[in-house]
K.L.:
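Before I ask anything, here is the structure I am working with.
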Amino acid sequence: MSQTLDLPTIADVRAAASVLEGHAVRTPLIDSPVLDEMTGGHILLKAECLQRTGSFKFRGAFNAMHHAGEQGVKYGIVAASSGNHAQGVAEAARLKGYHATIIMPADAPRTKKERTMRSGAKVVEYDRHKEDREALLVELAKETGAYLIHPYETFHVIAGQGTCGLEMAEEAQMRRLSVDEVLVCAGGGGLLAGVALAMMEPYPQAHIRTVEPEGYDDQRLSHEIGERVRVNTTQPSICDAILTPMPGERSFAICQGKLAGGLTVGDDDILKAMAFAYHELKLVVEPGGIVTLAAIMAGKLDVQGKTVLATISGGNVDPALTARALAAA
């Protein structure tokens, strides 16, 4: 890690909350008697699938856009994403009146591409298995002079994602809950770092854990050994939104030494959780956004008698995959 790397704090998260007021949705913290009976715990799900553009990514994108200044006005915005960050950036740019160009995998879900373009952004496709997304993004930013908004490395993106955790903490306090576990869907770690910043002060006793797809547990492995490690990104998984090769530098630095561990789930676990959310919670949730619920339902963590907060972080899923989940269930 660079010695000069600047890291957001809880003060930056609170500042982001002020920026987002009136723009982002304050999403509900949902509990389910059926889920509690199944698990023996008190499970509360932060439904970011109901956020603007269908995921928490709008929070970080809009907050970062607020800081784009003259560079954003003059040269526009560039970002790279498999879909949720793309939609968040595209919609934030539309609201701010900025031009946005998004680098997206050629095999990203069609609905995510369509919604990104619907907000007025230009989409540039690449082959995620043969091309380096980060290199393409940096090159495009240099060529155009545009303001680069990284999905999980940008300072103000992490602060913006932290507002999700801030709302979780505030509602838990309002309900006078003693929180035992906090589960966060993890890719590059922007949401993870933001939630950690927001939860550590009011709930220092809570165990914060990552949840990742099997084979893509770079967060778990990295935090276990104390340094960022890279995983093989050619393995099959239905969790397109959180298939990252390694943790972000800032997010890793923020969370280092502060996590209680990590959990992993397979595609079958995820499909079951998607079906449960559809039937019991009346929520449509994408695979990468529901890994936390999948871990709870699969018994990856003993939640008996515990109060658990978990992020349900995205609702952008192709209808065919939802149908597959319902058929599997």
Side-chain angles (χ1 to χ4, degrees), residues 24 48-49 51-65 68 72 76-96 98-129 131-141 144 146-158 160-161 164 185-194 212-213 216 218 233 237-248 250-251 286-289 313-318:
E48 282 294 287
C49 51
Q51 183 55 257
R52 194 165 188 160
T53 73
S55 87
F56 72 93
K57 293 288 190 177
F58 176 79
R59 296 175 182 270
F62 191 89
N63 188 51
M65 203 82 64
I77 307 296
V78 293
S81 166
S82 65
N84 288 332
H85 180 62
Q87 291 172 86
V89 169
E91 181 63 8
R94 185 188 71 80
L95 293 171
K96 288 285 191 179
Y98 297 158
H99 172 71
T101 300
I102 316 292
I103 297 173
M104 297 185 71
D107 61 351
R110 178 176 53 83
T111 55
K112 293 184 178 182
K113 291 181 186 176
E114 290 175 348
R115 288 170 183 159
T116 299
M117 292 185 285
R118 186 176 68 187
S119 289
K122 176 184 177 182
V123 170
V124 176
E125 295 185 352
Y126 78 102
D127 186 332
R128 77 163 88 211
H129 301 300
E131 296 180 279
D132 185 334
R133 183 181 80 169
E134 304 300 309
L136 293 171
L137 178 60
V138 171
E139 182 181 355
L140 182 60
T144 61
Y147 185 81
L148 192 159
I149 300 181
H150 194 277
Y152 50 83
E153 290 284 20
T154 298
F155 181 103
H156 295 295
V157 165
I158 295 173
Q161 316 305 31
C164 174
C185 311
L191 178 63
L192 172 66
E212 301 168 279
Y216 287 89
D218 49 291
T233 57
S237 173
I238 59 175
C239 297
D240 67 283
I242 55 173
L243 303 184
T244 51
M246 66 190 303
R250 277 196 173 93
S251 65
E286 65 188 279
S313 61
N316 296 306
V317 57
D318 280 332

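What you see below is based on every heavy atom in this structure, not just the backbone, and it leaves out hydrogens, waters and symmetry mates.
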K.L.:
Taking the side chain as every heavy atom from C-beta outward, state whether Thr233 and Leu243 have any atom pair closer than 4.5 Å.
P.N.:
no

K.L.:
Heavy atoms, side chains only, cut-off 4.5 Å: are Ile103 and Leu140 in contact?
P.N.:
yes

K.L.:
Can you tell me how far apart OG1 (Thr154) and CG (Asn63) are? Round to the nearest 0.5 Å.
P.N.:
10.5 Å

K.L.:
How long is the gap from CG on Leu137 to CD1 on Ile149, to the nearest 0.5 Å?
P.N.:
10.5 Å

K.L.:
Does Asp218 offer a backbone N or O that forms a donor-acceptor pair with the side chain of Glu212 under 3.5 Å?
P.N.:
yes

K.L.:
Does the Arg250 side chain pair with the main chain of Glu153, one donor and one acceptor, at a distance under 3.5 Å?
P.N.:
yes

K.L.:
Which distance, rounded to the nearest 0.5 Å, do you find between the OG1 of Thr116 and the CG of Asn84?
P.N.:
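Thr116 OG1 to Asn84 CG: 8.5 Å, rounded to 0.5 Å.
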
K.L.:
In Å, rounded to the nearest 0.5 Å, how long is the span from CG of Asp127 to NE2 of His129?
P.N.:
6.5 Å

K.L.:
Side-chain contact test, heavy atoms from C-beta onward, threshold under 4.5 Å: evaluate it for Tyr216 versus Ser237 and give yes or no.
P.N.:
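Yes, close enough: below the 4.5 Å cut-off.
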
K.L.:
Is the shortest heavy-atom distance from the side chain of Lys96 to the side chain of Ile77 under 4.5 Å?
P.N.:
no

K.L.:
Check whether any side-chain heavy atom of Phe56 lies under 4.5 Å from a side-chain heavy atom of Gln51, and answer yes or no.
P.N.:
no

K.L.:
List in chain and number order the residues that pass side chain to side chain donor-acceptor pair (under 3.5 Å) with Lys112, two or more places apart in sequence or in another chain; answer none if no residue qualifies.
P.N.:
Asp240, Glu286

K.L.:
Between Pro213 and Ile242, which heavy-atom pair has the shortest distance, and what is it?
P.N.:
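Of all heavy-atom pairs spanning Pro213 and Ile242, the closest is CD-CD1, 3.6 Å.
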
K.L.:
Look up atom CZ in Arg110 and atom CZ in Arg115, then write down how far apart they are to the nearest 0.5 Å.
P.N.:
9.5 Å

K.L.:
Please report the shortest heavy-atom distance between Gly314 and Ser55, naming the atom on each side.
P.N.:
CA-CB, 4.0 Å

K.L.:
If only atom types and distance count, is the side chain of Lys113 paired as donor or acceptor with the main-chain N or O of Ala106 below 3.5 Å?
P.N.:
yes

K.L.:
Does a side-chain heavy-atom distance below 4.5 Å link Cys164 with Leu191?
P.N.:
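Sidechains of Leu191 and Cys164: in contact.
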
K.L.:
Tell me the closest heavy-atom pair linking His156 and Ala64, and the distance in Å.
P.N.:
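Shortest heavy-atom separation between His156 and Ala64 comes out as CB-CA, 3.8 Å.
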
K.L.:
For Asp318, give me all partners under side chain to side chain donor-acceptor pair (under 3.5 Å), at least two apart in sequence or on another chain.
P.N.:
Thr111

K.L.:
Do any N or O atoms from the side chain of Ser81 and from the backbone of Ala86 form a donor-acceptor pair under 3.5 angstrom?
P.N.:
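Flag set: sc Ser81 to bb Ala86 pair under 3.5 Å.
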
K.L.:
Any side-chain heavy-atom pair from Gln87 and Lys57 closer than 4.5 angstrom?
P.N.:
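No, their side chains stay 4.5 Å or more apart.
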
K.L.:
Identify the two heavy atoms, one from Arg128 and one from Ser82, that lie closest to each other, and give their separation to 0.1 Å.
P.N.:
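So the two residues come closest at NH2-CB, 4.2 Å.
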
K.L.:
So which atom in Ala92 and which in Met65 form the shortest heavy-atom distance, rounded to 0.1 Å?
P.N.:
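Closest pair (atom of Ala92, atom of Met65, distance): CB-CE, 3.4 Å.
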
K.L.:
What I'd like to find out is whether the side chain of Phe58 reaches to under 4.5 Å of the side chain of Leu95, using heavy atoms alone.
P.N.:
yes

K.L.:
So which atom in Ala141 and which in Leu148 form the shortest heavy-atom distance, rounded to 0.1 Å?
P.N.:
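Closest approach of Ala141 to Leu148: CB-CD1, 3.8 Å.
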
K.L.:
List in chain and number order the residues that pass salt bridge (Lys or Arg N to Asp or Glu O under 4.0 Å) with Arg94, two or more places apart in sequence or in another chain; answer none if no residue qualifies.
P.N.:
Glu91

K.L.:
Give a yes or no on whether the backbone of Ile158 and the side-chain of Tyr152 come within a donor-acceptor separation of less than 3.5 Å.
P.N.:
no

K.L.:
SG/Cys185 to CD/Glu48 distance, rounded to the nearest 0.5 angstrom?
P.N.:
10.5 Å

K.L.:
Counting distance only, does the side-chain N/O of His150 pair as donor-acceptor with the main-chain N or O of Val157 below 3.5 Å?
P.N.:
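Flag not set: sc His150 to bb Val157 has no pair under 3.5 Å.
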
